[in-house]
Asks: 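Okay, here's the structure, questions in a sec.
Nothing fancy with the numbering, it's 1 onward along the sequence.
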Amino acid sequence: EVQLQASGGGLVQAGGSLRLSCEKSGFTFDEYAIGWFRQAPGKEYEGVSFISNIDGSTHYADSIKGRFTTSTDNAKKMVYLQMNSLKPEDTAVYYCAARSLPYGHYGTPPTSSSTYDHWGQGTLVTVSS
């Protein structure tokens, strides 16, 4: 059973940093993408960052580009989201999600939340002004 466990959320002042972690287990597919999504109160899911394990390709939403970085530690089966220069508008519940990739899918990982089959529970990030 695929499981994803996100952690690392908390309360931080604007301009501060947080690192979210996503522990993954039970993957039955060799090629996959991990996405970080967030949902602010009363808003739709927003895809924040994506990374492919095939070639390491990443994609970032314009709203966080240059401030957030996603990375992986395959030995620890972890995926991270380093968030710097946080803004109050970054306040949301953050989720990590996974999906398999077609063989030979190089380049930008898929970004649509509807295509991600496996989701972890969220972790709340609150940025105070």
Asks: Which heavy atom of A98 sits nearest to which heavy atom of I34, and what is that distance?
Replies: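 Smallest heavy-atom distance, with atoms named: CB-CD1, 3.6 Å.
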Asks: Restricting to pairs with a member in residues 70-82, which pass side-chain hydrogen bond (donor to acceptor under 3.5 Å, both in side chains), not counting sequence neighbours?
Replies: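 Of all non-adjacent pairs touching residues 70-82, those that pass side-chain hydrogen bond (donor to acceptor under 3.5 Å, both in side chains) are Q82-N84.
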Asks: With a 3.5 Å cut-off and no angle check, do the side chains of S100 and E31 form a donor-acceptor pair?
Replies: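 Their side chains do not contain a donor-acceptor pair, so the 3.5 Å distance test is not met.
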Asks: Hey, could you give me the CZ/OG distance between F68 and S17, rounded to the nearest 0.5 Å?
Replies: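 These two atoms lie 9.5 Å from each other.
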Asks: Give me the atom names and distance for the closest heavy-atom approach of A92 to A40.
Replies: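 Result for this residue pair: CB-N, 3.7 Å.
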Asks: Indicate yes or no: at least one non-hydrogen side-chain atom of S49 is less than 4.5 angstrom from one of L81.
Replies: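 Sidechains of L81 and S49: in contact.
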Asks: Is W36 close to L20 at the side-chain level, that is, under 4.5 Å between some pair of heavy atoms?
Replies: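 Yes; the side chains approach each other to less than 4.5 Å.
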Asks: Looking at D30, is its backbone amide N or carbonyl O close enough to the side chain of N53 to form a donor-acceptor pair, meaning the two atoms are under 3.5 Å apart?
Replies: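 Side chain of N53 to backbone of D30: a pair is present.
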Asks: Out of V48, T123, L4, which one pairs with C96 under the side-chain contact (heavy atoms from CB on, under 4.5 Å) rule?
Replies: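 Exactly one pass, corresponding to L4.
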Asks: Under 4.5 Å between any side-chain heavy atoms of R38 and I64, yes or no?
Replies: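 The answer is yes; the side chains approach within 4.5 Å.
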Asks: Taking L101 as the starting point, is it possible to reach F27 by hopping between hydrophobic residues whose side chains are less than 4.5 Å apart?
Replies: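 Not linked; separate clusters.
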Asks: Establish, from distance only, whether the side-chain atoms of T115 and R99 form a donor-acceptor pair under 3.5 Å.
Replies: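 Judged by distance alone, the side chains do pair up.
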Asks: Taking Q121's backbone N and O only, do any of them form a donor-acceptor pair with Q5's side chain (distance below 3.5 Å, no angle check)?
Replies: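 The answer is no, because no donor-acceptor pair under 3.5 Å joins these two groups.
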Asks: Using side-chain heavy atoms (C-beta onward) and a distance below 4.5 Å, is S128 in contact with P88?
Replies: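 S128 does not reach P88 side chain to side chain.
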Asks: So M83 and D90, do their side chains get closer than 4.5 Å, heavy atoms only?
Replies: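 SC-SC contact between D90 and M83 ruled out.
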Asks: Do L18 and L86 make a side-chain contact, defined as non-hydrogen atoms from C-beta onward lying under 4.5 Å apart?
Replies: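 Heavy-atom side-chain distance check passes, below 4.5 Å.
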Asks: Through direct or indirect side-chain contacts below 4.5 angstrom among Ile, Leu, Val, Met, Phe, Trp and Tyr, which residues connect to L124?
Replies: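 In the cluster with L124 are F37, Y45, F50, V93, Y95, Y116, W119.
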Asks: Would you mind reporting whether Q3 and H118 have side-chain heavy atoms less than 4.5 Å apart?
Replies: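 No; the side chains remain at least 4.5 Å from each other.
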Asks: Treating Ile, Leu, Val, Met, Phe, Trp and Tyr as nodes and any side-chain heavy-atom pair under 4.5 angstrom as an edge, say whether F29 and V79 lie in one connected cluster.
Replies: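 Same cluster.
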Asks: State, to 0.1 Å, how close S129 and A14 come at their nearest heavy-atom pair, and which atoms those are.
Replies: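 Here S129 and A14 meet closest at CA-CB, 4.4 Å.
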Asks: Run the ring-centre check on Y32 versus H105 and record whether the distance is less than 6.0 Å.
Replies: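 No, they do not, as the ring centres are separated by 6.0 Å or more.
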Asks: Looking at every heavy atom in both R67 and S85, which two are closest together, and how far apart are they?
Replies: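 Looking at all heavy atoms of both residues, the shortest contact is NH1-O, 2.9 Å.
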Asks: Return the set of residues passing side-chain contact (heavy atoms from CB on, under 4.5 Å) with T108 (not counting sequence neighbours), or none when no residue passes.
Replies: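 If we apply the side-chain contact (heavy atoms from CB on, under 4.5 Å) test to T108, skipping adjacent residues, the hits are H59.
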Asks: Would you please test D62 and K65 for salt bridge (Lys or Arg N to Asp or Glu O under 4.0 Å) and show each step?
Replies: CA-CA 5 Å; D62 288 342; K65 199 171 290 183; 3.2 Å; yes
Asks: If you measure from CD on E46 to OG on S63, what distance do you get to the nearest 0.5 Å?
Replies: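 If I round to the nearest 0.5 Å, the distance is 4.0 Å.
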